[in-house]
Amino acid sequence: MYFNSAEIYQKVDKMRLIKGWSLYRLAEMAEISVNALYSWRDRNSSPTLYLIESIAKAYNISPISLLLNDEEVGAIQKEHKELFERWNALSQEQKNSLMSMLRSFTREID
C-alpha cells in the first residue's frame, strides 16, 4: 500500500483549519515541534510514525484514519464491527479455540 505524504498533510491541515488551530496549536496539542510540521509541509518529507500517532492523538482519532481515505477507513470499520459481533457471539471455549488457531497462523508467517 502506498501513502501519499502530501495527501496526508492536506488531510491533517484540513482538520486543523476546521478546529481553528494554528500550526503552533496543532504542534502543542500533538506534543511535537512545529518544525516537524513545517518540514513535512515545506520539504514534502514523509512523516514519521511517531508524528502520525501524535497528530492522531491530538485529533482524538486512530492513526489509520489519517493514512487512509474515508472510504477505506469505512471498509475497515465495517469489517472490525462484524468481527466484534461474531466474536461476542462465541462461547469462551470457541474463543479459546479460535485464538489458538489464529496464533498458529501467525507463527507460520514469522
Side-chain angles (χ1 to χ4, degrees):
M1 180 176 286
Y2 171 74
F3 298 108
N4 184 311
S5 179
E7 287 177 11
I8 297 168
Y9 182 83
Q10 288 174 354
K11 189 173 191 177
V12 166
D13 204 46
K14 181 179 177 182
M15 294 170 71
R16 177 184 66 80
L17 293 172
I18 288 169
K19 287 201 170 276
W21 291 353
S22 66
L23 279 176
Y24 292 100
R25 180 69 175 152
L26 173 57
E28 179 182 62
M29 295 300 293
E31 299 178 349
I32 57 174
S33 75
V34 73
N35 288 338
L37 293 171
Y38 283 131
S39 177
W40 184 12
R41 181 190 70 186
D42 298 339
R43 296 182 192 162
N44 199 24
S45 62
S46 295
T48 63
L49 182 56
Y50 174 78
L51 187 65
I52 292 293
E53 288 175 333
S54 298
I55 291 170
K57 184 177 177 185
Y59 288 135
N60 200 29
I61 61 173
S62 71
I64 201 74
S65 297
L66 290 177
L67 298 174
L68 302 179
N69 66 41
D70 293 338
E71 187 176 294
E72 292 169 322
V73 170
I76 289 173
Q77 290 172 346
K78 184 178 177 182
E79 288 176 354
H80 285 164
K81 182 179 178 185
E82 180 181 0
L83 284 171
F84 286 127
E85 288 171 354
R86 291 183 183 274
W87 176 263
N88 289 332
L90 299 175
S91 69
Q92 189 59 48
E93 185 178 340
Q94 290 170 319
K95 289 177 183 179
N96 292 341
S97 295
L98 182 57
M99 287 304 294
S100 292
M101 183 178 67
L102 289 172
R103 287 184 185 113
S104 73
F105 291 155
T106 56
R107 277 193 292 271
E108 290 175 13
I109 294 170
D110 294 338

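Remember, predicted model here, so these are calculated numbers, not experimental data.
- Salt bridge present: Arg86 and Glu82 bring a charged side-chain N and a carboxylate O closer than 4.0 Å.
- Here CG of Asp13 is found 10.5 Å from CD1 of Ile18. Values are rounded to the nearest 0.5 Å.
- Hydrophobic cluster membership is shared by Leu102 and Leu90, with clusters built from Ile, Leu, Val, Met, Phe, Trp and Tyr side chains linked at under 4.5 angstrom.
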Practice task
Given side chain to side chain contact (heavy atoms under 4.5 Å, CB included), test Tyr59 with Met29 step by step and report yes or no.
Solution key: CA-CA 8 Å; Tyr59 288 135; Met29 295 300 293; over 6 Å; no
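- For the pair Ser5 (side chain) and Ser45 (backbone), a donor-acceptor distance under 3.5 Å is present.
- Within the 4.5 Å cutoff, no side-chain heavy atoms of Ser54 are placed close to those of Glu31.
- For the residue pair Ser97/Ser100, the side-chain donor-acceptor check at 3.5 Å is not satisfied.
- With values rounded to the nearest 0.5 angstrom, Ser22 atom OG is found 8.0 Å from Arg25 atom CZ.
- Note that CE of Met15 and CG of Leu66 are 6.0 Å apart. Values are rounded to the nearest 0.5 Å.
- Ser39 contributes no side-chain N or O that, together with a main-chain N or O of Ala36, makes up a donor-acceptor pair within less than 3.5 Å.
- Smallest separation of non-hydrogen atoms from Tyr24 and Tyr38: OH-OH, 3.6 Å.
- Here the closest heavy-atom approach between residue Trp21 and residue Ala58 is recorded as CH2-O, 3.7 Å.
- Contact detail for Leu37 and Leu23: the closest heavy-atom pair is CD1-O, 3.6 Å.
- Summarising the geometry, atom CG belonging to Leu51 is positioned 4.5 Å from atom CD1 belonging to Ile32; distances are rounded to the nearest 0.5 Å.
- The two residues Ala27 and Ser33 make their nearest non-hydrogen contact at CB-C, 4.0 Å.
- From Ile55, atom CD1 reaches atom NZ of Lys11 across 12.5 Å, with rounding to the nearest 0.5 Å.
- Annotation for Asn60: atom CG does not count as buried by contact number, only 12 or fewer foreign heavy atoms lying within 6.0 Å.
- Annotation: side chain of Asn4 is not in contact with side chain of Ile8 (no heavy-atom distance under 4.5 Å).
- Remark: the backbone N or O of Ile61 is not paired with any side-chain donor or acceptor of Ser65 at under 3.5 angstrom.
- If you take CG on Leu67 and CD1 on Ile52, they are separated by 5.0 Å, rounding to the nearest 0.5 Å.
- Summarising the local packing, NZ of Lys95 is surrounded by more than 12 heavy atoms from other residues, nucleotides or ligands at distances under 6.0 Å.
- The shortest distance between side-chain heavy atoms of Trp87 and Met99 falls below 4.5 Å.
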